[in-house]
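Heads up: the structure comes next, in structure tokens.
Below, read A as the first sequence line, B as the second, and so on, with proteins coming before strands; counting in each chain starts at 1. The structure presented is a predicted model; accordingly, all values stated were derived computationally and were not measured.
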Amino acid sequence: MASILGREITGAQLFWERTLAIPSFPEFRQRVTGQVVQKVGRRGKFLLLSLANDTILFHLRMSGDLLVEPGSAPLNPHVRLFLDLSGNLRLAFNDARKFGRVWLLNEPEDVLAALGPEPFDPGFTPEELHRRLVTRRRQLKPLLLDQTFIAGLGNIYADEALYLAKLHPNTLSHTLSIEQTTRLWSSIRQVLSEGIQRQGATIDWVYRGGDFQNYFRVYQRTGEPCLECQTPIVRIVIGQRSTHFCPFCQPQPE
DNA sequence: ACGAGCGCCTGTCGGC
DNA sequence: TGCCGACAGGCGCTCG
């Protein structure tokens, strides 16, 4: 796969208005055309393309995907926006459910500043996590999904981390001891490391990734035995998101 | 401050 | 077969 680094953006097309959060498409095309991709980065679930004067942010949401392909390749019917790149390449933003978003920003911090800490940041210590937990009174599951609390966790990783930490998803954040917090801290890092190592999960018809789905301990294992105690895994709904846990290993708090 | 409900979207799957 | 609801790796909004 050819790299997009150092390529010049020579054009752009938009197929679904709402995919482009900001600015208008005429301004977007005018500003990006002629700029060179200098750096590719990530912050939380946002992907960053650094240009000379601007940053393009991508958020894939549920069904988004970014593809580097030959400029002459047939267009996937779910492509919502693409950039033409020098060297006859195309960067296509594919998104069946149209939840994904693209921003062009002079100051990416306008969007990124709201994000919580990166789980692998050296400053993100168990003590820091504990400080953040006790200043809120929220159920752990929705709190872990809150990108302003911690950046980067999604539904799979929240469930898997709570299972490894032996914490019920309903547990209120301010009740966690230092010991429980330390377990949660290392569990978050562990499940993210595993997911990265496995290159993510491949689920359904649209989610393209690695094979982490073969190593899920609770996610989408409703009714199957817990790997530790054989108790059937339970599925509940918290904050409109499906939540999977072992009722024996992760007992309901008092 | 927090949680519930809803909207945004397309597609698949299982049950009747 | 066809229809219909449930469900899906996310997040922003309103309301109480």
- Query: C:dC11 base stacked by A:Phe99? Criteria: ring centres under 5.5 Å, plane angle under 30°.
  - Reply: no

Note: A:His244 and A:Arg221 closest approach over all heavy atoms is CD2-N, 4.3 Å

- Message: Quick check: any donor-acceptor pair below 3.5 Å linking the side-chain of A:Arg138 to the base of B:dA1?
- Response: no

In numerical order, the residues of residues 184-201 of chain A whose heavy atoms come under 4.0 Å of DNA chain B are none

Between NZ of A:Lys98 and P of C:dG12 the distance, given in whole Å, is 20 Å

query: Is A:Arg101 touching bases, backbone alone, or none of the nucleic acid, heavy atoms closer than 4.0 Å?
result: nothing

Between B:dC8 and A:Arg61, is there an OP1 or OP2 to side-chain N/O distance shorter than 4.0 Å? no

Taking the ring centre of each residue, are A:Tyr157 and A:Phe212 less than 6.0 Å apart? yes

**Item:** NZ/NE/NH1/NH2 to OD/OE distance under 4.0 Å, A:Asp159 and A:Arg217
**Value:** no

Original post:
Do NZ/NE/NH1/NH2 and the carboxylate oxygens of A:Glu118 and A:Arg42 come within less than 4.0 Å?
Top reply: yes

Report task. Taking atom P in both B:dC9 and C:dC4, compute the distance separating them and give it to the nearest angstrom. Result -> 22 Å

For DNA chain C, consecutive-pair runs of 3 or more (Watson-Crick or G-U wobble, both H-bond-type distances under 3.5 Å) give B:2-8 with C:10-16, B:10-16 with C:2-8

Residue pairs meeting ring pair (Phe, Tyr, Trp, His ring centres under 6.0 Å), one or both in residues 20-45 of chain A, sequence neighbours left out, come to none

